[in-house]
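Here is how names work: the chains are called A, B, and so on, in the same order as the sequence lines, proteins then strands, and each is numbered from 1.
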Amino acid sequence: MQSSNAINYDYTVAKYFTVSAIVLGIVGMSVGVIIAFQLAFPELNNFFGEYGTFGRLRPIHTDGVAFGFTVSGIMATWYYIGQRVLKVSMAESKFLMFIGKLQFWLYIIVVAVAVVSLLMGETSSKEYAEFEWPVDIGIVIVWVLWGVSIFGLIGIRREKVLYISVWYYIATFLGVAMLYVFNNMEVPTYFVSGMGDWFHSVSMYAGSNDAMVQWWYGHNAVAFVFTVPIIAMIYYFLPKESGQPIFSYKLSLLSFWGLMFVYLWAGGHHLLYSTVPDWVQTMASIFSIILILPSWGSAINILLTMKGEWGQLKDNPLIKFYVLASTFYMLSTLEGPIQAIKSVNALAHFTDWIPGHVHDGTLGWVGFMIIGGIFHMAPRMFKREIFSKKLVEAQFWLQTTGIVMYFTSMWIAGITQGMMWRATDQYGNLAYSFIDTVEVLHPYWTLRAVGGSFYLIGVFMWAYNIYKTATSSKAIEKEPQYASPMA
Amino acid sequence: MNWLNDNINVLTLIGAAVIIILTVGIAGKYIKQMKTDKATGELTGDNWDGIGEFSNPLPTGWSLAFLGTIVWGLWYFFLGYPVATFSQIGQYNQEVSDYTKRFESKWANPDHETLMGMGEGVFLVQCSPCHGITGDGMDGKARDLTTWGGENHIVNTVLKGSKGQGYPLGQMPAGLMDKASAQAVAAYIVQDLSKSGKSKHPELIAKGKKLFATCGGCHGMDGKGMGGSAPALVNYGKAQFVVAVLNHGKKGNIGVMPKFNDGRLTDIQKTAVGTYVDSLGEE
């Protein structure tokens with residue numbers, strides 16, 4: 001409870017990461033919109049020579065939104081939530097403040113080097129793990145610093161019991177550390193054999209083993225970057241903004257441990273009908289199905305927390321962001337397991353349904369929680385009202401429209417594509433060539449790019465609103481206990 | 001449309017429907033409770049930054065479903081479909097072989113019309129990406145099949161040579177003859193040797209037959225290709241000749257045409273493609 005001698009939380013590092021989340025969000029999603037239009041209109045590849053091609057830009061989009069926008073959002077919220085639920089201020093430890101700032105500036109340097117190296121076409125050719133070994137080392141150092149910050153803050157806490165969000169931040173730290181290190185085991189070719197540039201490397205694993213490690217990583221990057229820390233956010237922001245106690249402690253506990261145990265086994269579903277052993281594929285499919293329940297457990301817990309609070313849902317746009325985010329989380333975490341069933345995967349794999357699935361999760365769940373979370377933090381960090389409630393409302397509806405356009409077009413496109421690849425004519429021959437599918441899917445690709453543009457415009461609205469909140473909105477004297485003040 | 005006869009399509013559509021129905025239904029149910037129900041329960045007593053927790057029990061449906069999937073998973077993995085009993089390669093081979101058998105028995109004795117229809121279907125999917133949907137080769141990207149089968153095509157091949165079919169006797173060099181001789185040979189091949197059409201220059205046939213000695217060194221004096229050592233010119237302008245190209249692959253301007261003898265086309269389909277391609281070209 002807030003009292004007159006409330007702790008004076010220090011949001012310096014949280015503000016830094018808020019800025020980087022906004023900037024990298026704009027960069028990553030702008031590139032996303034560009035490449036979406038490139039897929040619909042290939043002529044758009046022809047600007048800026050090699051630097052403007054889909055192949056160069058695609059990793060900048062994926063890594064930019066995952067490790068730029070999302071990781072910045074994770075850090076910003078951690079440096080905000082961590083202090084508050086542990087009841088300890090960053091200002092109380094010069095050491096932790098130093099670590100936090102060091103982590104931020106090193107992170108920015110690593111991001112800059114990563115973007116430039118990807119633009120130059122230097123990659124280790126592993127999806128979401130494209131960075132060459134010098135960048136990887138930088139990333140590991142940034143991550144270790146975050147670990148020092150988490151456990152340092154926990155070490156000097158006043159709140160004896162760790163809140164749910166803290167469990168999830170710890171899991172994020174441990175999960176990503178393990179995954180990143182093992183998937184990026186690589187051989188620097190120059191130092192081993194004198195071949196290639198000094199920064200060049202190849203994976204330490206080969207063939208099917210490499211694929212299995214890669215998708216153990218790739219799938220669980222989704223788990224520990226796009227799921228676990230986002231649950232940490234919703235478990236704080238929704239009850240805090242609404243003032244409602246969490247529906248069930250037991251449900252949060254079981255969902256947490258269920259998610260931790262089950263998620264790590266499901267990565268093989270990215271390699272169904274490939275060269276990995278049959279039992280690995282079967283196991284991955286089974287664990288994917290079981291995974292529905294721990295995922296839905298968190299979402300249900302959140303929705304039940306809002307029982308009886310229809311008024312808040314109607315009146316507070318931030319609550320709208322959180323409730324719709326948990327709904328998209330439910331959609332996405334049911335969709336993934338169903339796509340992981342081998343018979344469904346036989347059609348869905350390599351189709352547009354897969355990016356459709358990724359984006360209803362990332363846009364609807366990850367994006368909405370980071371956007372909504374930073375909206376909640378802003379009045380407390382800057383001691384000012386949110387600049388414009390109307391703008392928040394407008395952004396919410398525009399982005400929701402964008403997401404719906406994105407995933408419906410990709411669902412239809414993907415399933416159509418898969419069926420066309422399988423279709424046979426009256427003689428039993430395959431009925432369609434590749435270009436036939438391109439012609440049919442073109443309108444959906446255009447629609448997808450337009451939906452993405454809507455979402456991007458929403459991000460600009462968010463950036464503007466936060467900027468105005470930080471600089472020129474009406475000052476507030478006393479921090480509100482629950483609902484965020486907005487003009 | 002036969003797309004609902006495919007169990008993968010059906011399962012996918014059911015899956016997609018399940019995703020929407022369950023998400024909308026269950027999320028909708030909880031969102032409705034925001035309107036109709038009230039939050040109740042006993043607080044655990046802990047409080048973080050103003051956030052409390054109820055000690056409500058687990059939702060029954062959720063618990064049963066979680067337990068259910070765990071039991072199902074154990075059953076599936078150890079009893080229902082024990083891992084050692086399934087082989088994906090085995091399943092693939094079985095399905096392909098069954099399908100091919102059905103296909104071959106259904107179309108065992110195709111008439112000309114069937115071959116043309118089937119051939120056009122295969123051509124549009126497998127061949128048209130390079131040869132164009134009319135078979136015109138798309139401005140030199142690949143062989144113009146609308147001139148194939150005629151005499152000009154032979155002249156062209158003699159003057160320019162032919163590469164990349166991988167016959168034991170190697171590649172045919174360019175310029176084995178001058179144009180006039182090539183025309184004579186072409187007349188002989190078309191009208192006399194393969195009898196695939198009437199020559200426009202029947203007066204050259206006799207001369208062509210003599211000049212064919214140059215060709216016979218590899219293709220055999222009888223034009224049968226010396227037992228597979230070189231293309232059999234007795235088939236020129238006929239479906240079998242196209243089948244031979246499908247089996248051997250060919251070097252082209254924009255790349256190498258793959259061999260189609262890896263199981264992706266049955267012999268009936270190849271003959272059908274040959275029949276269709278033959279119909280595109282000159283007599």
Side-chain angles (χ1 to χ4, degrees), chain A residues 1 84-85 159 161 163 239-240 244-251 254 273 278-279 282-283 286 289-290 292-293 296-297 300 303-304 306-310 313 323 327 330-331 334-335 338 341 343-344 346-348 411 415 418-419 422-425 427-435 481-482, chain B residues 2-3 6-9 11-13 15-16 18-19 22-23 26-27 30-31 33-35 37-39 41 43-44 46-59 62 65-66 69-70 73 76-77 81 83 86-88 99 103 106-107 114 117-118 121-122 124-126 128-129 269:
Chain A
M1 291 287 144
R84 300 186 65 117
V85 298
E159 183 67 65
V161 183
Y163 182 56
K240 181 67 184 169
Q244 292 304 106
I246 291 295
F247 168 74
S248 167
Y249 169 73
K250 266 190 205 157
L251 186 52
L254 261 141
Y273 296 112
D278 290 327
W279 71 268
T282 304
M283 179 185 71
I286 292 172
I289 295 293
I290 298 175
I292 297 170
L293 276 306
W296 274 41
I300 289 171
L303 292 179
L304 284 173
M306 291 303 291
K307 261 206 293 201
E309 299 299 316
W310 182 258
L313 180 66
V323 168
T327 310
M330 288 173 80
L331 176 78
L334 179 60
E335 184 181 18
I338 285 187
I341 296 169
S343 303
V344 177
L347 181 137
W411 273 46
I415 295 174
M419 286 189 176
R422 303 178 59 79
T424 49
D425 62 14
Y427 300 101
N429 304 315
L430 288 176
Y432 298 105
S433 69
F434 176 71
I435 198 70
Q481 168 77 312
Y482 296 119
Chain B
N2 57 0
W3 51 277
D6 180 343
N7 66 335
I8 299 288
N9 285 353
L11 278 167
T12 300
L13 290 174
V18 165
I19 297 168
L22 281 185
T23 306
I26 295 181
Y30 290 126
I31 289 172
Q33 288 186 358
M34 294 178 195
K35 233 176 181 172
D37 208 348
K38 265 200 99 53
L43 288 167
T44 58
D46 281 313
N47 192 296
W48 300 268
D49 195 21
I51 301 171
E53 279 176 348
F54 286 124
S55 57
N56 284 324
L58 303 169
W62 180 84
F66 198 8
T69 50
I70 292 170
Y76 193 102
F77 206 70
Y81 299 87
V83 283
F86 176 77
S87 153
Q88 126 189 311
Y99 190 84
F103 185 92
K106 187 169 178 190
W107 305 109
T114 303
M118 184 189 290
V122 176
L124 288 174
V125 173
Q126 307 279 357
S128 73
Q269 285 172 309

Visitor: Side chain from CB out, backbone as N, CA, C, O: work out which of these in A:Trp296 comes under 4.5 Å of a heavy atom of chain B, or both, or neither.
Guide: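 Looking at A:Trp296, backbone and side chain both touch chain B.
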
Visitor: Sort out for me which of B:Lys35, B:Gln126, B:Lys106 touches chain A most, counting heavy-atom pairs under 4.5 Å.
Guide: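 Most heavy-atom pairs under 4.5 Å with chain A: B:Lys35.
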
Visitor: Quick check for you: among B:Tyr76, B:Trp62, B:Phe103, which has the greatest number of heavy-atom pairs under 4.5 Å with chain A?
Guide: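 Looking at each option in turn, the highest pair count goes to B:Trp62.
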
Visitor: By a 4.5 Å heavy-atom criterion (distance strictly below it), what part of B:Phe66 contacts chain A: side chain, backbone, both, or neither?
Guide: both

Visitor: Which bit of A:Leu304 comes within less than 4.5 Å of chain B, counting heavy atoms only: side chain, backbone, both or neither?
Guide: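 Only the side chain of A:Leu304 comes within 4.5 Å of chain B.
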
Visitor: So do the side chains of A:Leu251 and B:Phe54 get within less than 4.5 Å of each other, counting heavy atoms only?
Guide: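 Of all side-chain heavy-atom pairs linking B:Phe54 with A:Leu251, none is under 4.5 Å.
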
Visitor: If you round to the nearest 0.5 Å, how far is CG of A:Leu293 from CD1 of B:Ile70?
Guide: 8.0 Å

Visitor: With a 4.5 angstrom heavy-atom cut-off, could you sort out which part of B:Asp37 is near chain A: side chain, backbone, both or neither?
Guide: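 For B:Asp37, the contact with chain A is made by backbone and side chain together.
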
Visitor: Less than 4.5 Å to any heavy atom of chain B: does that hold for the side chain of A:Leu313, its backbone, both, or neither?
Guide: side chain

Visitor: For residues A:Ile290 and B:Gly73, report the shortest heavy-atom separation together with the two atoms involved.
Guide: CD1-CA, 4.3 Å

Visitor: Can you tell me which of B:Ser128, B:Gly117, B:Pro129, B:Gly121 forms the most heavy-atom pairs within a distance under 4.5 Å of chain A?
Guide: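 Highest number of heavy-atom pairs under 4.5 Å: B:Gly117.
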
Visitor: Mind ranking B:Ile26, B:Thr114, B:Ile8, B:Asp46 by heavy-atom pairs under 4.5 Å with chain A and telling me who comes out on top?
Guide: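 Going by pairs under 4.5 Å, I would pick B:Ile8.
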
Visitor: For A:Ile415, is it the side chain, the backbone, both, or neither that has a heavy atom closer than 4.5 Å to a heavy atom of chain B?
Guide: side chain

Visitor: Atom CZ of A:Phe247 and atom CG of B:Leu58: how far apart are they, to the nearest 0.5 Å?
Guide: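 If I round to the nearest 0.5 Å, the distance is 8.5 Å.
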
Visitor: Would you mind telling me which of A:Leu303, A:Leu334, A:Asp278, A:Val344 has the largest number of heavy-atom pairs within less than 4.5 Å of chain B?
Guide: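 Of A:Leu303, A:Leu334, A:Asp278, A:Val344, A:Asp278 has the most heavy-atom pairs under 4.5 Å with chain B.
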
Visitor: Is chain B contacted by the side chain of A:Val323, its backbone, both, or neither, given a heavy-atom distance below 4.5 Å?
Guide: side chain

Visitor: Examine whether an atom of A:Phe434 lies under 4.5 Å from a heavy atom of chain B, and if so say whether it belongs to the side chain, the backbone or both; otherwise answer neither.
Guide: neither

Visitor: I need the B:Leu22 CG to A:Ile338 CD1 distance, nearest 0.5 Å.
Guide: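 With rounding to 0.5 Å, CG (B:Leu22) is 7.0 Å from CD1 (A:Ile338).
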
Visitor: Find the distance between OG1 (A:Thr424) and CG (B:Asp6) and round it off to the nearest 0.5 Å.
Guide: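 A:Thr424 OG1 to B:Asp6 CG: 8.0 Å, rounded to 0.5 Å.
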
Visitor: Side chain, backbone, both or neither: which part of B:Tyr81 has a heavy atom under 4.5 Å from chain A?
Guide: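 Interface part for B:Tyr81: neither.
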
Visitor: With a 4.5 angstrom heavy-atom cut-off, which part of B:Leu124 approaches chain A: side chain, backbone, both or neither?
Guide: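 Looking at B:Leu124, just its backbone touches chain A.
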
Visitor: Tell me whether A:Tyr249 at atom OH has more than 12 heavy atoms from other residues, nucleotides or ligands lying less than 6.0 Å away.
Guide: no

Visitor: Less than 4.5 Å to any heavy atom of chain A: does that hold for the side chain of B:Trp107, its backbone, both, or neither?
Guide: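 Looking at B:Trp107, just its side chain touches chain A.
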
Visitor: Verify side-chain contact (heavy atoms from CB on, under 4.5 Å) between B:Asp49 and A:Tyr163, making sure each step is shown before the conclusion.
Guide: CA-CA 10 Å; B:Asp49 195 21; A:Tyr163 182 56; over 6 Å; no

Visitor: Using 0.5 Å steps for rounding, measure from the CD atom of A:Glu335 to the CD1 atom of B:Ile19.
Guide: 5.0 Å

Visitor: Would you compute the distance between atom CG of A:Asp425 and atom CE of B:Met118 and round it to the nearest 0.5 angstrom?
Guide: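 A:Asp425 CG to B:Met118 CE: 8.0 Å, rounded to 0.5 Å.
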
Visitor: Of the listed residues (B:Gln269, B:Gln88, B:Gln33), which shares the most heavy-atom pairs with chain A below a 4.5 Å separation?
Guide: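 Of B:Gln269, B:Gln88, B:Gln33, B:Gln88 has the most heavy-atom pairs under 4.5 Å with chain A.
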
